[in-house]
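In what follows, every chain begins at residue 1, and chains take the letters A, B, ... in the order their sequences are listed. Because the structure is a prediction, the values reported are computed rather than measured.
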Amino acid sequence: MLIFALVLHAAFAVLLPPLVRVLGARVFFVASLPPALAVLWALSQAPRIVSGRPISASVAWVPALDISLDFRVDALALAMVVLVSGIGAAIFCYSVGYFHADERGIGRLASVMVLFSGAMLGVVTTDNLFALYVFWELTSVTSFLLIGHDDRKEQARRAALQALVTTVGTGLFMLVGFILLGGIGGTFRISELVADPPTDSPWLPVALVLILVGAFAKSAQAPLHFWLPAAMVAPTPISAYLHAATMVKGGVYLVARLAPGFADVDPWRALVLTVGLATMLVGGWRALRQDDLKLLLAYGTVSQLGFLIVLGGTGTQVAAAAMIGTLLAHGFFKSTLFLTVGVIDHQTGTRSIAALTGIGRRMPVLAGAGALAAASMAGLPPLIGFVGKEAALEAFLPGHVPAPSPAAAGVMLAGLVVGSILTFAYSARFVWGAFADKETVSERRFQSPSWAFVTAPVLLSAAGLLLGVAPQAADAVAQSYAAPLPVGDKPYHLALWHGFGPTLGLTALVIAAGALLFAARRTVEQAQKALARWPEAELGYHLFVHAIYAAALSVTRRLQSGSLSVYLGVILATMLALPGVRLVAALVNGDLRLPFGSEEFRIWDSPLEGVVAVVLIVATIAVAREHRRFPALIMLGALGFGVAGLFVLHGAPDLALTLILVETLTMIILVFVLRRLPSTFNVRPNGWTKRFTVLLCSAAGTFIAVTLWLMTDARTATPISGGFAERAEEVGGRNLVNVILVDFRALDTFGEIVVLATAAVAVASLVLLNRRSRVMEQNGAETPEENGAETEDAKEGTAGPRAGIGTKEILGNDLRPDGAHQPNEGGE
Amino acid sequence: MTTADGAWRAGADGDGQGDGAAPEGWEAPRERWLSTVVRPAFGPRSVLLEIVARLLIPAILTFSVFLLLSGHDRPGGGFVGGLVASMAYVLRYVAGGRHELAAGLPMRPNGLLALGLLVACGTAGAPLLFGRPILETFSFSTVLPVFGTVKFASFLLFDIGVFLIVVGLVLSVVAALGARMEAEEEEARVRRPRREGGR
Amino acid sequence: MSAPGFILVIAVAVLYSSGFYLLLQRSLMRVVFGITALGHAANISLLLTDEAITLPPLLTGHEGELSDPLPQAMTLTAIVITFGVTTFLLALAYRVWLGDGNDEVPNDVEDRRIKQLSEPEDSA
Amino acid sequence: MNLLLVIPFLVPLVGAAVTLLLRRTPRAQQAASVLVLAAVVVDAALLLAKTAGGTVATSQAGAWEAPLGITIVADALSALLVLVSSVVLLVVLLYAIGQDIGGLSRAMPQVFHPIYLVLTAGVCLSFLAGDLFNLFVGFEVMLTASYALITQAPTRARVRASMIYTVVSLTSSILFLTGVALVYGLTGTVNMADIAEKLGAAPEELRMVLALLFLVVFGIKSALVPMHFWLPDSYPVAITRISAIFAALLTKVAVYAIIRSQTLLFGRDDISAVLLWMAIATMIVGILGALVQDDINRVVAFTLVSHIGYMIFGLGLNTVAGIAGVVIYLVHHIVVQASLFLVNGLIRQYVGHTSLRAVRGLTTVSPALALFFLLPAMSLAGLPPMSGFVAKVALFKAGIEAGGWLVYLGVVAGVLTSLLTLMAIFRIWVRGFWGTPMPDMVEARAQLRSGSSRAGLRFTTAMTGVMVGVGITVAVMAGPLTDIAFTAARELLDPSAYIDAVLQKGPS
């Protein structure tokens with residue numbers, strides 16, 4: 001059933017775009033079906049799951065690599081499914097009102113959103129590390145596409161790429177961490193790893209840190225949180241869904257998923273608590289000074305995610321229960337708030353606190369829902385947010401639970417209280433900013449939203465209220481999830497009322513201080529402005545990217561010279577550096593010895609051979625030194641005939657005959673071509689470059705010759721050719737070379753004639769073709785059939801040689817639309 | 001400035017050697033050879049060279065066939081034979097110019113290439129039909145009235161394929177780099193002033 | 001066992017060196033010469049894997065050790081392949097001359113453009 | 001068995017001859033080429049079915065037993081690569097036909113088909129050659145065809161590119177031939193299985209020199225840093241169909257040759273350290289090059305260089321898992337590179353060029369195009385659930401299992417390269433696919449869609465879609481693929497079955 005739900009998401013993603021023509025924006029109703037189905041199914045299975053019998057399913061994919069699509073829905077997954085699919089379904093319905101039918105790319109949008117919904121469902125239900133990574137990165141990519149939905153805005157493109165690079169880049173760390181972890185644990189099933197965590201490997205901390213890096217980036221933990229506020233350029237339903245309610249919880253989910261097994265491994269807890277707390281404080285502090293409601297919420301989200309990471313990563317029962325409560329709370333209240341802002345933005349055209357007034361009066365229902373959600377965020381009873389926060393404070397009361405250590409718990413508690421105060425303050429600021437009447441602001445004219453548009457936020461905030469009033473449902477899930485974790489003094493249940501105790505006192509403190517902070521908001525704003533601004537986290541990203549590009553440019557500029565001779569020189573140098581150095585080393589070490597002085601050593605086999613060799617050497621050097629074409633050609637001919645002579649001496653009449661014929665033909669053809677070319681070559685002046693070239697080439701030539709000498713000297717077996725003579729009788733031929741060519745190794749000959757035929761066709765097509773193009777040019781004619789139709793080569797050809805624009809100029813006119821840019825293969 | 005814009009029209013006509021509408025260069029007068037009044041490729045017309053060429057060419061061609069057939073026992077074979085045969089045509093071109101070359105060809109170079117390739121492929125693939133490995137040789141002997149016992153072997157066919165392809169290659173190259181360029185030069189000579197101005 | 005005479009080793013070294021040297025020149029015609037020289041060098045290398053036996057590998061019934069036919073067959077194949085490819089290079093040289101008025105191998109345009117950049121074009 | 005092993009190169013050659021004769025009837029030519037490649041695909045599938053389980057199929061050309069005659073041999077790796085290559089070749093051919101129908105390209109259709117089929121034969125022969133010299137011949141067949149293809153529709157830029165390409169390839173060929181001479185000098189044989197046995201008696205130092213020399217020879221063709229410079233200067237300039245095939249196949253054939261030579265011939269000597277260093281350099285230098293390019297084709301070409309590094313990394317691990325990773329990566333990368341170049345070809349059709357300085361808003365111009373770019377781009381960046389993800393996991397996993405500081409450095413380089421690939425490839429997306437389309441692009445699209453080239457445009461788009469679909473199939477079938485890859489890797493690391501099959505069983 002779960003697999004069916006996933007497939008359904010994918011199928012709908014394919015089906016939706018064509019439906020847009022018929023349905024317009026109502027296509028989102030259709031889109032809400034798969035997540036709705038998933039959440040209904042999950043709820044129907046909830047009793048069974050909560051009672052400790054998770055649901056499993058599996059599809060094999062690449063068993064040899066342990067990549068398998070295993071699924072397992074337990075309590076934690078259940079909570080996440082409710083968030084992902086439940087909120088998803090609501091947001092899809094909301095989108096019907098948000099998007100106009102003529103919105104650009106609405107089909108694409110709906111399709112990608114459903115795909116995201118499915119991917120997220122996969123993330124929270126899978127039980128295989130690789131499958132988790134698969135779905136995880138799918139959410140990154142869909143998120144990228146959704147952030148960049150309004151791709152004509154530079155800002156959107158930037159933010160999308162930034163989010164992608166951050167999440168996928170860190171996701172790669174996570175992948176390596178997964179592979180390490182699975183390798184250490186011997187299995188890639190998460191449930192098995194958590195149930196029976198490996199402990200003894202020195203690589204385990206490395207694996208965990210790598211995984212945490214991925215989780216932190218996904219959940220926008222400081223200092224990797226910068227992408228999340230930037231991602232707010234996306235349309236509001238997307239922000240609400242991905243960047244508040246679900247995707248960013250991926251990291252929290254992963255931390256919470258692994259915490260039962262690995263929370264006690266250093267440096268897990270230290271890392272999680274530090275980063276989480278820092279994020280909570282930074283986010284809350286930054287939220288206090290935002291003017292844009294959406295950004296306020298975004299920083300609020302960052303803060304809350306830090307909070308959740310702390311709770312999820314601590315690895316105690318109370319913290320775990322608090323995490324479940326806060327997780328659900330956050331999902332509901334944050335999506336409500338975003339949707340509220342979306343409505344405000346949609347109706348009034350702004351979401352700036354400085355420009356909004358009287359919204360509460362004009363949209364009371366919406367304001368009610370928003371206020372309720374904000375109250376939940378602030379941690380006010382009787383909402384689920386309050387329940388979660390109570391539990392959270394309880395979790396860090398020193399002495400109540402075994403981990404973390406009391407001192408650390410004290411610090412954490414203080415941090416959480418400060419964070420909560422900040423949360424209260426920005427929640428209040430949100431309500432005030434969004435709905436309050438402000439005398440200084442003139443009221444805008446706008447239409448009231450349709451009821452359908454407001455339904456989703458109302459429902460979602462109501463869900464928050466419901467869960468708060470009846471926390472038993474959440475508690476059941478929490479207990480089921482927290483069961484394997486270390487217990488404190490007494491079992492803890494999520495509830496509205498725990499009696500008077502330190503936590504209640506702390507809550508009161510939070511409310512009082514928060515209210516104070518809100519009341520003093522002007523002072524706070526000024527204080528924030530007055531403080532030296534610490535470097536933006538985004539700066540790190542920009543520095544990284546810039547460093548990469550600068551490195552890329554400097555490396556490529558230096559290496560990719562564009563000159564053929566340099567390329568060939570480097571190849572020769574490589575040959576010398578690899579086998580060459582090896583050979584020299586062996587010779588120096590005495591592992592190999594040149595056959596000087598051995599019995600085999602001889603100057604020549606016959607004096608005639610010596611003469612031929614000298615002719616060869618002289619002719620070769622002459623060819624290399626000659627700067628005039630025809631003399632060089634004649635020396636080349638002499639060289640060829642010299643080689644033929646050597647062939648005769650070595651008993652190869654066939655070769656000699658062939659070579660002489662081939663040489664003659666080559667000479668004739670060379671003459672055909674050469675008579676058109678200038679009579680001398682352009683030569684480079686003598687200088688160190690030339691000397692270096694000579695040195696390089698001599699070294700390369702010597703290397704090959706010496707290797708040949710050594711190899712032939714060290715022959716290990718008699719050549720196989722003895723067999724040919726024996727078998728030649730069977731064939732009935734007496735010229736062994738020819739018999740080999742046409743019989744024993746006819747396949748080589750076969751290939752060779754194919755080479756010849758191809759070369760012939762190539763030469764013909766190359767020469768004949770050029771002629772035609774010249775005729776065209778003479779007539780000044782473009783090819784006639786392409787009046788308008790831009791064919792593949794037309795532009796290259798015409799824009800190439802003619803547009804003689806200097807490089808600098810091109811850069812200046814990068815985007816000039818008049819065609820002055822020089823595409824692809826610019827000319828000289 | 002010569003643009004190399006590849007202004008080539010797809011399917012406009014053959015690649016220059018299609019038989020029907022052969023472009024200039026192949027428009028050879030179908031007269032007896034050496035009677036064409038065309039400038040040879042190099043230098044002035046030399047009667048001596050022409051006569052020598054005329055006398056030599058049949059001999060060269062015969063010799064090339066001999067090399068082809070006897071290659072199995074003596075130095076020679078398809079390559080050498082093919083090279084020698086194509087020498088005959090090169091000689092003919094050098095002596096008589098491009099029209100001469102065109103007039104003397106049995107078939108277009110591409111045809112020779114394709115034919116040679118087909119013959120070679122056929123010889124190579126035939127044993128497969130009988131479930132034998134590629135390129136296995138088969139031979140049989142018959143007694144012919146005049147020649148006595150004649151052995152025929154499939155590798156001879158293969159060698160003929162080689163022969164044809166070598167001839168095809170050389171002709172193709174001579175046609176392209178020799179004859180074609182010569183034709184172009186003639187055209188260019190007409191247009192020279194304009195082009196010089198452009199450089 | 002079958003190492004060639006020293007002077008031939010030197011000849012091979014010179015052939016390869018000169019071939020490489022010609023290959024590194026800008027003029028495509030010299031590159032063609034270089035390829036030809038290198039082709040010779042490789043062919044001689046193949047042949048030198050055998051001892052210098054002057055008796056050709058013909059089964060004529062004469063006494064004596066025959067030279068090794070296999071490298072010869074391979075050399076023959078290589079000669080012909082080199083010939084085919086050389087003609088192609090010549091056609092290419094001709095083509096280049098038509099386009100540029102010389103037969104030099106120019107540097108790549110796009111590479112040159114990037115060489116002249118001093119700042120990455122985008123770091124976003 | 002004889003037939004199955006021979007068809008992949010024999011039938012294309014017959015096809016080449018036939019299409020050369022059919023020059024004046026383009027339709028017949030097209031039909032013949034398609035038929036030939038379809039036959040090769042079917043044949044390769046059958047061959048893979050035979051060899052996937054670990055049997056080594058051999059056929060002795062001319063029925064001469066192994067060291068004397070030439071062995072054609074297919075193990076799981078060869079068969080797999082022949083199959084993938086032929087599928088890619090077929091789809092690219094169909095794409096090319098679509099372009100010709102629509103008059104969208106001015107390549108020479110008459111000689112394109114024969115040469116393309118020769119290229120096919122060369123690629124297949126290289127994969128199936130069991131003989132070192134025959135491998136050389138296979139390479140030459142493939143390369144000569146590629147010289148002819150890269151000069152199709154020669155603009156100045158193309159002639160310049162083909163010079164670089166041809167001369168560098170020739171250098172590599174000459175060194176290859178030299179290597180054959182050296183091997184024959186040392187062992188007196190050219191049959192690879194035979195060499196493998198006889199090299200055992202040779203001095204270790206000489207073996208190492210040979211191993212490194214062959215690494216250089218094939219390293220040039222597979223564009224290992226620092227021998228890679230020619231590739232980005234040549235491949236992107238050719239017309240689409242050609243650069244797609246070159247990028248997809250030619251470097252991979254060279255990588256195959258590296259794998260084969262370093263495992264079968266020189267397997268007993270360890271040059272892992274060299275391979276790993278080269279792999280790291282290749283990954284990093286290649287991807288840094290990709291980041292600063294402005295031309296989409298060039299970006300993709302630089303990523304090609306970079307990702308060759310992944311394959312060499314896997315080979316350098318010298319473990320079954322590592323080499324299996326290489327095999328998966330090979331298959332994945334062949335398909336992905338072809339897809340990306342075909343997409344670039346579509347962009348060229350729409351816009352006339354592929355320079356990022358003048359391409360904007362392609363998603364608006366053609367949503368299908370955007371989708372077809374996005375999926376392979378994700379795959380190239382190793383994002384799940386595409387095939388690139390599986391390949392990367394296989395390699396990383398193998399690396400982490402193998403251990404050692406150099407290997408870990410390699411994994412780090414791999415991770416970094418992965419991230420940079422993402423940046424490079426999504427930079428194309430952000431700059432070229434998003435944004436407001438340039439006015440001339442919209443106009444060009446309107447003209448293309450209304451003009452006579454409409455059918456061709458649709459067809460080429462559809463074929464690009466098919467290629468992307470092949471990529472997705474690779475991802476879906478990753479399970480069986482991985483099993484084959486492991487079989488192949490085991491065969492490569494323990495070549496005794498291969499050697500026995502070639503040397504002892506004789507003609508089958």
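- Heavy atoms closer than 4.5 Å to chain D are found nowhere in A:Ile740, neither backbone nor side chain.
- Your options are D:Leu186, D:Ile164, D:Thr144, and the one with the most heavy-atom pairs under 4.5 Å with chain A is D:Leu186.
- Within the 4.5 angstrom heavy-atom criterion, only side-chain atoms of D:Leu374, from C-beta onward, approach chain A.
- In terms of heavy-atom proximity, D:Gly138 sits nearest to D:Leu125 at CA-CD2, 3.8 Å.
- Of the atoms belonging to D:Leu143, not a single heavy atom falls under 4.5 Å from chain A.
- Annotation: side chain of A:Phe703 is in contact with side chain of D:Val209 (closest heavy-atom distance under 4.5 Å).
- A:Thr556 places no side-chain N or O within donor-acceptor distance of the main-chain N or O of A:Leu553, the cut-off being under 3.5 Å.
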**OP:** Might you work through the ring pair (Phe, Tyr, Trp, His ring centres under 6.0 Å) test for A:Phe130 and A:Tyr133, ending with a clear yes or no?
**Re:** CA-CA 5 Å; A:Phe130 287 124; A:Tyr133 179 78; 8.0 Å; no

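- Neither the backbone nor the side chain of A:Ala585 comes within less than 4.5 Å of any heavy atom of chain D.
- Aromatic ring centres of D:Phe133 and D:Tyr184: separated by at least 6.0 Å.
- If you measure heavy-atom distances from A:Trp203 to chain D, the contacts under 4.5 Å come from the side chain alone.
- The contact between D:Leu68 and chain A is made by backbone and side chain atoms together, counting heavy-atom distances below 4.5 Å.
- The side-chain heavy atoms of D:Pro385 and A:Leu138, taken from C-beta on, include a pair separated by under 4.5 Å.
- The backbone N or O of D:Val167 sits nowhere less than 3.5 Å from a side-chain atom of D:Trp230 that would complete a donor-acceptor pair.
- A distance of 7.0 Å separates CD1 in A:Ile548 from CG in D:Leu288, rounded to the nearest 0.5 Å.
- Checked by atom type and distance alone, the side chain of A:Tyr567 never pairs as donor or acceptor with a backbone atom of D:Met227 at under 3.5 Å.
- Aromatic rings from D:Trp64 and A:Phe744 are positioned such that their centres are separated by under 6.0 Å.
- Residue with the most contacts toward chain D among A:Val754, A:Ile720, A:Thr758: A:Ile720 (heavy-atom pairs, distance under 4.5 Å).
- The residue among A:Leu592, A:Val581, A:Val555 with the most heavy atom pairs within less than 4.5 Å of chain D is A:Leu592.
- Both the backbone and the side chain of A:Leu583 come within contact range of chain D, each with at least one heavy atom under 4.5 Å from a heavy atom of that chain.
- Heavy atoms of A:Phe178 lying under 4.5 Å from chain D are absent altogether.
- For a residue to count as touching a neighbouring chain, one of its non-hydrogen atoms must lie under 4.5 Å from one of that chain's; by this rule D:Thr364 touches chain A with the side chain only.
- D:Lys198 contributes no side-chain N or O that, together with a main-chain N or O of D:Thr189, makes up a donor-acceptor pair within less than 3.5 Å.
- Of the listed residues (A:Val566, A:Asp591, A:Leu708, A:Thr574), the one with the most heavy-atom contacts under 4.5 Å to chain D is A:Thr574.
- Applying the salt bridge (Lys or Arg N to Asp or Glu O under 4.0 Å) test between D:Asp233 and each of D:Arg160, D:Arg298, D:Arg158 identifies D:Arg298 as the sole match.
- Pairing each heavy atom of A:Met575 with each of A:Ala700, the nearest pair is CE-CB, 3.8 Å.
- Put simply, of A:Ala746, A:Pro63, A:Gly169, A:Gly148, the one with the most heavy-atom pairs under 4.5 Å next to chain D is A:Gly148.
- At a 4.5 Å heavy-atom cutoff, the contact between D:Leu175 and chain A is made by side-chain atoms alone.
- For D:Thr171, the part lying under 4.5 angstrom from a heavy atom of chain A is the side chain only.
- Heavy-atom distances place both the backbone and the side chain of D:Val168 under 4.5 Å from chain A.
- Taking CZ from D:Phe229 and CG from A:Leu559, the interatomic distance works out to 5.0 Å, rounded to the nearest 0.5 Å.
- Contacts between D:Ile400 and chain A at a heavy-atom distance below 4.5 Å involve the side chain alone, from C-beta outward.
- Put simply, of D:Ile70, D:Leu20, D:Leu419, D:Val137, the one with the most heavy-atom pairs under 4.5 Å next to chain A is D:Ile70.
- Residue D:Val183: no heavy atom, backbone or side chain, is found under 4.5 Å from chain A.
- Salt-bridge annotation for A:Arg727 and A:Asp743: absent, with no side-chain N of the basic residue lying under 4.0 Å from a carboxylate O of the acidic one.
- In this structure, A:Asp151 pairs ionically with A:Arg104, as a charged nitrogen and a carboxylate oxygen lie closer than 4.0 Å.
- For chain A, the option among D:Gly361, D:Ala394, D:Gly435, D:Gly62 with the highest count of heavy-atom pairs below 4.5 Å is D:Gly435.
- Residue D:Leu481 does not touch chain A at all, counting heavy-atom pairs closer than 4.5 Å.
- One finds the CD atom of D:Glu197 at 9.5 Å from the CG atom of D:Asn191 (value rounded to the nearest 0.5 Å).
- Defined by atom type and a distance below 3.5 Å, a donor-acceptor pair is present between the side-chain atoms of A:Ser140 and A:Glu137.
- Heavy atoms of D:Pro203 lying under 4.5 Å from chain A belong exclusively to its side chain.
- Neither the backbone nor the side chain of A:Phe135 has a heavy atom closer than 4.5 Å to any heavy atom of chain D.
- Contacts of A:Val141 with chain D are made by side-chain atoms alone, with heavy-atom separations under 4.5 Å and no backbone atom involved.
- Both the backbone and the side chain of A:Val176 come within less than 4.5 Å of a heavy atom of chain D.
- Per-residue counts of heavy-atom pairs under 4.5 Å with chain D were compared for A:Arg108, A:Arg157, A:Lys153, A:Glu752; the largest is that of A:Arg157.
- For D:Thr178, the part lying under 4.5 angstrom from a heavy atom of chain A is the side chain only.
- In this structure, the portion of D:Phe389 lying under 4.5 Å from any heavy atom of chain A is its side chain and not its backbone.
- Between chain A and the residues D:Phe302, D:Tyr147, D:Phe136, the most heavy-atom pairs under 4.5 angstrom are made by D:Phe302.
- Of the inter-residue distances, the one linking A:Leu180 atom CG with D:Glu401 atom CD reads 10.5 Å to the nearest 0.5 angstrom.
- Proximity to chain A (any heavy atom under 4.5 Å) is shown, for D:Phe426, by both the backbone and the side chain.
- Other residues, nucleotides and ligands place no more than 12 heavy atoms under 6.0 Å from the CZ atom of A:Phe173.
- Counting heavy-atom pairs closer than 4.5 Å to chain A, the top-ranked of the candidates D:Thr482, D:Val415, D:Leu206, D:Asp194 is D:Leu206.
- By the 4.5 Å heavy-atom criterion applied to side chains, A:Val761 and D:Pro114 are not counted as neighbours.
- Heavy-atom distances place no part of A:Asn589 under 4.5 Å from chain D, backbone and side chain included.
- Contacts with chain D were tallied for A:Val763, A:Val168, A:Asp150, A:Leu572; A:Val168 has the most, counting heavy-atom pairs under 4.5 Å.
- When heavy atoms are compared at a cutoff of 4.5 Å, A:Leu145 approaches chain D by way of both its backbone and its side chain.
- Contacts between A:Leu568 and chain D at a heavy-atom distance below 4.5 Å involve the side chain alone, from C-beta outward.
- For chain A, the option among D:Ala61, D:Gly69, D:Pro67 with the highest count of heavy-atom pairs below 4.5 Å is D:Pro67.
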